[in-house]
Protein chains: 2
Amino acid sequence: MAMSDTLKAISDPVRRQILNLLKSESKPAGEIAAQFALTPATVSYHLKLLKQAGLISERREKNFIYYDLNASVFEEVLNWIYSLGIGGDSDDKK
Amino acid sequence: MAMSDTLKAISDPVRRQILNLLKSESKPAGEIAAQFALTPATVSYHLKLLKQAGLISERREKNFIYYDLNASVFEEVLNWIYSLGIGGDSDDKK
DNA sequence: TTTCTACTTAGAAGAATTTCTAATTAGAAT
DNA sequence: ATTCTAATTAGAAATTCTTCTAAGTAGAAA
């Protein structure tokens with residue numbers, strides 16, 4: 001739940017890709033798993049870590065479990081990065 | 001050198017603390033190591049990873065090795081985070 | 001040129017992470 | 001109630017990461 005968890009969560013490429021997939025709209029676990037050359041169990045493990053970090057939330061519907069992105073958790077990370085002083089002026093802040 | 005390396009680098013609390021220490025001014029390895037309950041060898045290992053990720057650079061002076069922060073590497077990370085859409089409007093962008 | 005200082009590299013141990021298979025759960029459908 | 005579907009949990013194997021001790025290196029000092 002702290003910045004440490006957020007950063008640990010996004011240090012893995014599979015988990016970043018999951019967040020990318022959920023950017024446009026929420027998706028059920030199966031649909032997410034289908035995007036990877038990994039077993040559903042493994043993807044479920046990654047979903048659990050993302051959920052623990054607060055980056056996604058789950059919602060049951062029929063017998064699917066939909067996952068939603070929660071990007072607001074990144075605020076703390078952003079503030080830390082900015083506190084270090086960003087040298088190269090990224091143009092698009094938002 | 002890619003975002004993947006940056007995120008891996010900052011996923012460790014020791015390495016984040018090193019970046020914090022270098023925020024104000026560059027410091028020699030020994031002075032950095034002194035801040036941790038770790039051997040100099042271990043801190044050197046963390047410095048190597050940060051260097052490989054491009055987050056710090058080294059500079060010899062006398063027989064000290066000074067490390068400098070290079071926060072511009074964060075740009076790619078920032079752009080990715082913003083691409084996910086930050087929910088909670090952090091007020092201070094810069 | 002030997003010695004000393006500041007630090008790194010090598011190699012190994014221990015810990016944590018990622019992945020799999022197999023078994024289980026929760027709810028929907030029959 | 002049984003079965004089927006979607007997904008998770010448990011447990012183990014493989015890999016990666018963190019840390020240490022011991023040995024090495026680069027340059028300064030003597």
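So that the names make sense, note that chain A is the first sequence line, chain B the second, and so on, each numbered from 1. Excluded from the calculations below are hydrogen atoms, water molecules and symmetry mates; all remaining heavy atoms, backbone and side chain alike, are included.
From A:Tyr66, atom OH reaches atom NZ of A:Lys27 across 10.5 Å, with rounding to the nearest 0.5 Å. The CZ atom of B:Arg16 sits 11.5 Å away from atom CD1 of B:Ile18, with the distance rounded to the nearest 0.5 Å. Here the CD1 atom belonging to B:Ile65 is positioned 9.5 Å from the CG atom belonging to B:Leu47, to the nearest 0.5 angstrom. B:Lys48 NZ to B:Leu50 CG: the interatomic distance, rounded to the nearest 0.5 Å, is 12.0 Å. Taken from CD in A:Gln52 to CG in A:Leu49, the straight-line distance is 5.5 Å, to the nearest 0.5 Å.
B:Leu47 has its CG atom 10 Å from the C1' atom of C:dT8, to the nearest Å. The CD atom of B:Glu61 sits 16 Å away from the C1' atom of C:dT5 (whole-angstrom rounding). When the P atom of D:dT8 is taken as reference, atom CZ of A:Phe64 falls 13 Å away, rounded to whole Å. Rounded to an integer number of Å, the gap from CD of A:Gln52 to P of C:dT18 is 12 Å. Following rounding to the nearest Å, B:Leu7 (CG) and C:dT17 (P) show an atom-to-atom distance of 16 Å. Here the P atom of nucleotide D:dA6 and the CD atom of A:Glu58 are 17 Å apart, to the nearest Å. Regarding A:Ile10, its CD1 atom lies at a distance of 15 Å from the P atom of C:dT17, rounded to whole Å. As a whole-Å value, the separation of A:Glu31 CD from D:dT5 P is 18 Å.
Contact between the side-chain N/O atoms of B:Lys62 and the OP1/OP2 oxygens of D:dA29 is found at a separation under 4.0 Å.
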Query raised in the report: How far apart are the C-alpha atoms of A:Leu38 and A:Tyr45, what are their side-chain angles, what is the distance that settles it, and do they pass the side chain to side chain contact (heavy atoms under 4.5 Å, CB included) test?
Result: CA-CA 11 Å; A:Leu38 295 170; A:Tyr45 157 79; over 6 Å; no

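Note on B:Phe36: nothing from the nucleic acid sits closer than 4.0 angstrom, heavy atoms only. Residue A:Tyr66 is classed as having no contact, given no heavy-atom separation below 4.0 Å to the nucleic acid.
The nucleotide whose nearest atom lies closest to any side-chain atom of A:Asn63 is, among D:dG27, D:dA7, C:dA28, C:dA28.
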Report summary line: Protein heavy-atom contacts under 4.0 Å, written 5' to 3' over nucleotides 10-22 of chain D as B (base), S (sugar-phosphate only) or - (none), form the string -------SBBBB-

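Closest approach of B:Phe36 and B:Ile32 over heavy atoms only: CD1-O, 3.3 Å.
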